[in-house]
> 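After the structure tokens below, expect a handful of questions from me.
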Amino acid sequence: MSIQEHYRSRAKELLSSGTVKMVIGYGTGSTPDRRRPVFITSPDETDRLVLDKACRTNLSGYLLREGLLSDQKQVAVFFNLDGVRSLNILAAESQLETAQVLVLGFRIEGEEVTALQGERAADFKSLIAAAKEQRKSQPPHELQEKLEAMTPKERFSFWEAEFSRCIKCYACRQACPMCWCRRCVVDNNQPQWVNTSSHTLGNLEWNLLRAFHLAGRCVECGNCSRACPADIPLHLLNRRMSDEVQGSFDHYPGMDEAQEPVLASFRKDDPETFIL
Amino acid sequence: MSEVFEPKIVAFVCTYCTYAGADLAGTSRLKYPSNVRIVRLPCTGRISPMFILKALQKGADGVLVSGCHPGDCHFDHGNYHARRRWTVFNSLLQFAGVPEERVKFSWISAAEGIKFAELIREITEDIRKIGPFEEYHKLIAETGSAAPL
Ligand code: SF4
Ligand code: SF4
């Protein structure tokens, strides 16, 4: 049985037995290589579910839809390991209870999609621990290395050119499961911290702010980069922040639901190399 | 250019240590450049990175953020939280291409009036050397708002 068939019948089972009230997964999209989220509530509809290598979107953000989890019923969601990590972070940040979420886990490796063992966030602990180790030894990103080797002036102009294309659509924010604030600081106008017009200065401020607020929380799922209509390499900023929290504080976001947020905790012997 | 460039520097300091240190520098009649504009806050834990961006947005050529030494925070651990934030934000600024001379962080206690005066002198000199933050000022000019600082 293909993994798609396997999960279709699992979804049918979960819905007909009443274990879950909804299955959040992937369906066909507007082009053959795109998938769009589907929200299945009836066992007769599980044939709409698709699972293949094009299923890259992290679906955890949909769990925060107002009222969805307030009846204490369970929802099943298709997740790769990044998705499970984001689920853990949302739980650690008191946005949901993992007991209400059933994980239909999968992994995409090249052309191949395989099932992950486990149905509760906690079942993936050892896989996440292995991913943390892997992240440490991950080869450096080519463009990131190139940027680090530049002078500050060159780096500034690189980002100036990138951010000048931003249209402040905030799709990156809407697509990110970690951007769950009801009111984002950029929408604040008393005081107005960030220029809201889409000129390069405002765009730069917005993008720095976004990267900072996601530092130590981003699971590098790529939702933001894929959503950006201007193709700004947001993943570079996210990656740089992940490198920093892992390097300085040994923090890999989303280990489990009890993990303390890295910027809301500290150690007295945290490194400091630049403070005069 | 015949005139010396006078950089605009904004210092965000906590009231219990660095502000008191600045005060001590003053009452001890120590000289330091008048380029620095001090903004006093209750604690380094209250100094959001947004403040740094705001200062730059208003045309600052340099920013200093300073508070109590680790272990000396009036609120016990505000500066430990701040330190983590600085670590992350500092690396973000550098990755974005803001030269490290422009945004500085320090611990200055209420007893360190001399350190305060010296640091302000040093930072002012360093920024004088690299000149106005023209890359940023150009972006400010594009917005059509005059830098009010
Ligand atoms: S910042 Fe981007 S990559 Fe990181 S969690 Fe949010 S959407 Fe995913
Ligand atoms: S998605 Fe891209 S264009 Fe839209 S606000 Fe984010 S960075 Fe700017």
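In what follows, chains are A, B, ... by sequence order, proteins preceding strands, each numbered from 1.
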> Taking side chain as everything from C-beta outward and backbone as N, CA, C, O, which of these in A:Pro191 sits under 4.5 Å from a heavy atom of chain B? Side chain, backbone, both or neither.
neither

> Of the backbone (N, CA, C, O) and the side chain (C-beta and beyond), which part of A:Asn203 lies under 4.5 Å from a heavy atom of chain B, both, or neither?
neither

> How about B:Phe95 and A:Trp159: are their ring centres within less than 6.0 Å of each other?
yes

> Between A:Phe249 and B:Arg84, is there a cation-pi geometry (under 6.0 Å to ring centre, at most 45° from the normal)?
yes

> Can you tell which part of A:Ser248 gets under 4.5 Å to a heavy atom of chain B, answering side chain, backbone, both or neither?
side chain

> Does the side chain of B:Asn90 pick up a donor-acceptor pair with the side chain of B:Arg85 at under 3.5 Å?
no

> So which of B:Thr87, B:Val98, B:Leu93 has the largest heavy-atom pair count under 4.5 angstrom toward chain A?
B:Thr87

> Report the option among B:Pro49, B:Ser66, B:Gly71 that has the most heavy-atom pairs separated by less than 4.5 Å from atoms of chain A.
B:Pro49

> Any chance the side chains of B:Glu6 and B:Asn35 put a donor and an acceptor closer than 3.5 Å?
yes

> Give a yes or no on whether the backbone of A:Asp231 and the side-chain of A:Arg165 come within a donor-acceptor separation of less than 3.5 Å.
yes

> So A:Phe212 and B:Phe89, would you call those rings parallel, tilted or perpendicular, with 30° and 60° as cut-offs?
perpendicular

> Which atoms of A:Asn195 are under 4.5 Å from chain B, going by heavy atoms: the side chain, the backbone, both sets, or neither?
both

> Quick check on A:Leu208 against chain B: is it the side chain, the backbone, both or neither that has a heavy atom closer than 4.5 Å?
both

> Can you tell which of A:Ser265, A:Ser164, A:Ser197 has the highest number of heavy-atom pairs within less than 4.5 Å of chain B?
A:Ser265

> Judged by atom type as modelled, is there a donor-acceptor pair below 3.5 Å linking the side chain of B:Arg83 to the main-chain atoms of A:Glu272?
no

> Less than 4.5 Å to any heavy atom of chain A: does that hold for the side chain of B:Leu119, its backbone, both, or neither?
side chain

> Could you tell me which portion of A:Glu154 (side chain, backbone, both or neither) has an atom closer than 4.5 angstrom to a non-hydrogen atom of chain B?
neither

> Tell me if the centroids of the rings in B:Phe75 and B:Tyr16 come within less than 6.0 Å of each other.
yes

> Non-hydrogen atoms of chain B under 4.5 Å away: do they reach the side chain of A:Glu244, the backbone, both or neither?
side chain

> Let me know if A:Leu204 has heavy atoms under 4.5 Å from chain B in its side chain, its backbone, both or neither.
side chain

> Hey, which of A:Ala264, A:Ala215, A:Ala211 has the most heavy atom pairs under 4.5 Å with chain B?
A:Ala264

> Which answer fits A:Trp193, side chain, backbone, both or neither, if we ask what part of it has an atom under 4.5 Å from a heavy atom of chain B?
both

> Determine if the SG-SG distance between B:Cys73 and B:Cys68 falls under 2.5 Å.
no

